[in-house]
Structures are given as structure tokens and as C-alpha cells.
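Below: the structure, in C-alpha cells.
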Amino acid sequence: MKNKYLIANWKMNKTLDENRDFFKIFLKKALTIPKTQIIFCPPFVGLFDVSNTLSGTGIEVGAQNVYFEESGAFTGETSTTMLKNCGCVWVILGHSERRSIFLEEEKLIRRKLENVLSSGLSPILCIGESLDERKNNDTSNVLYSQLSSALKNISNNSVENLIIAYEPVWAIGTGMVATASMIQETHNNIKQILTKLNFDNSKIPLIYGGSVKPNNAKELINIDNVDGFLVGGASLDPHVFYDIYNKF
Ligand code: PGA
């Protein structure tokens, strides 16, 4: 396992040509920071091409979603086998945009997580509270409920490659970033919740996401319980994303 993770969530951005243009620039840069795993999560249609481009670089590829069934009449869906066949190693699950826009519920996220773990792919499970929930002092309860539900049928032995991404919903794409003390406190809280749920929290990397930019990355990566970032907007430009990498 690497110690730090820098994950690009491209969301619904970039065509194949734009992906290639990105890597023409990005792969010329010095990517030599030790024990730091870079992962790119392009849209589904770009996965195969991006995997080929990144083959042999040590950079890994992830999908932004997956379905829990293996094959069949599930129009518009994609299975873990298809993702692996495209060179994917990781899958983002439970992103707040999937929860709020596509109405993904806890039970669906749980089934996806179980399926991803048994497929051999590695999940990046996103959790986080809304602004109202934070204002109402409900953050802890929300995180507990998201984690206990997603991990309900999963044992400590099977989460070897799980990453948890704490992404306060109010900080995603808004430019509003959580303060260092807020992140530190919330990550501690998540670790306590994991212990309560019988997981060895030292084995589960905990990364932060929500308006990470070159100008706040240094401060945030130096928080002792932050193991990396999930980056949306600032991962779309190779120079900006590289600036974040350089803060590790
Ligand atoms: P952002 O997105 O960096 O644009 O806030 C983060 C995410 O949604 O993963």
C-alpha cells in the first residue's frame, strides 16, 4: 500500500481527445514523489484509452461508478468485470452527486461496495454531511449512518484496499473548503466510528475532498490524519493538478 493518494475525479468532463491532450502534458512532468499513488477517474468511455495511455507509468485508473450485478438486462449500467477488462483498479462509490442527483440510497451503495470488494477492484467510498447537517451538529450522526450502512456486511479482513474519502457536500465544487481543524476533527471522528464498527482504522486510508486547490493543498496534506485528496475541478488542468501533486 502507498502512504498517500492523489485521486482525480473528472466527473462528466473531457472527450477522448481532451484526455490525450491532458496526458501529453502531465506525463512529461517529474512524477517522482515516493509512496504517492496517483489515480485518474475519467468518464466510462475514456477508461480503456486512459488505461492504455497510463500503462507502465505506475499511475492507476478508476471508474466513477459501477453496478452490482455481473451482466444482464440493466440498461445503461456497467459491471466490475467490464471495468477490470478496461484496466480499472479503483471505483468511486457513494459520491454525493450520485447520492443527491441520481438518488442512490444507502442500500444500493452497500450492495455496490460488497460487489466491488468481492470482485477484486478497490473501492473509494465517499461520505460527507450537507451544510444543514453540519449547522445542526449532525455531522457525526450522518457519518456514522453512512459508514455503518455501507460497511454493514463487511469484515475487517476484506477491506484491505478500501479508501474512505471524506467530502463535506457543502465544500464540493463551491470553493468553500473545510478548515484544517475541521478536517482533522472530522477525520478523527471517522476513525473512531471505524473502530466502533470493528475495523482497524490504521489500515484504511482516509482522504479529503472538496475544493482542494494548489493554494490550500500544502496545509491540508500536512494534517496528520489526511492520507491524500479526491480532487474534482482542480484535476482537469494538468498544470494545476501537478501543482497539487507537488505539495505532497
Ligand atoms: P471539487 O470536487 O474538488 O471540485 O470540489 C471534489 C469531488 O467531488 O470529488
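All ligand and atom numbering here is 1-based and tracks the order in the structure. Everything numeric here is computed off the predicted structure, so don't read it as measured data.
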Parallel, tilted or perpendicular: rings of F26 and Y242 (30°, 60°):
perpendicular
So if I only count non-hydrogen atoms and take anything under 4.0 Å from ligand 1, which residues does that give, chain by chain?
N9, K11, H95, E167, A171, I172, G173, G210, S211, L230, V231, G232, G233
Is the shortest distance from a Lys or Arg side-chain nitrogen in D132 or K135 to a carboxylate oxygen in the other one below 4.0 Å?
no
Those residues at least two apart in sequence (or on a different chain) that pass salt bridge (charged side-chain N to carboxylate O under 4.0 Å, His left out) with D224 are none
R98, CZ atom: more than 12 neighbouring heavy atoms under 6.0 Å:
yes
May I ask you to list the residues sharing a hydrophobic cluster with I101, side-chain cutoff 4.5 Å, ordered by chain and number?
F102
Apply ring-ring contact (aromatic ring centres under 6.0 Å, His included) to W10 and list each qualifying residue two or more places apart in sequence or on a separate chain.
F22, F23, F40
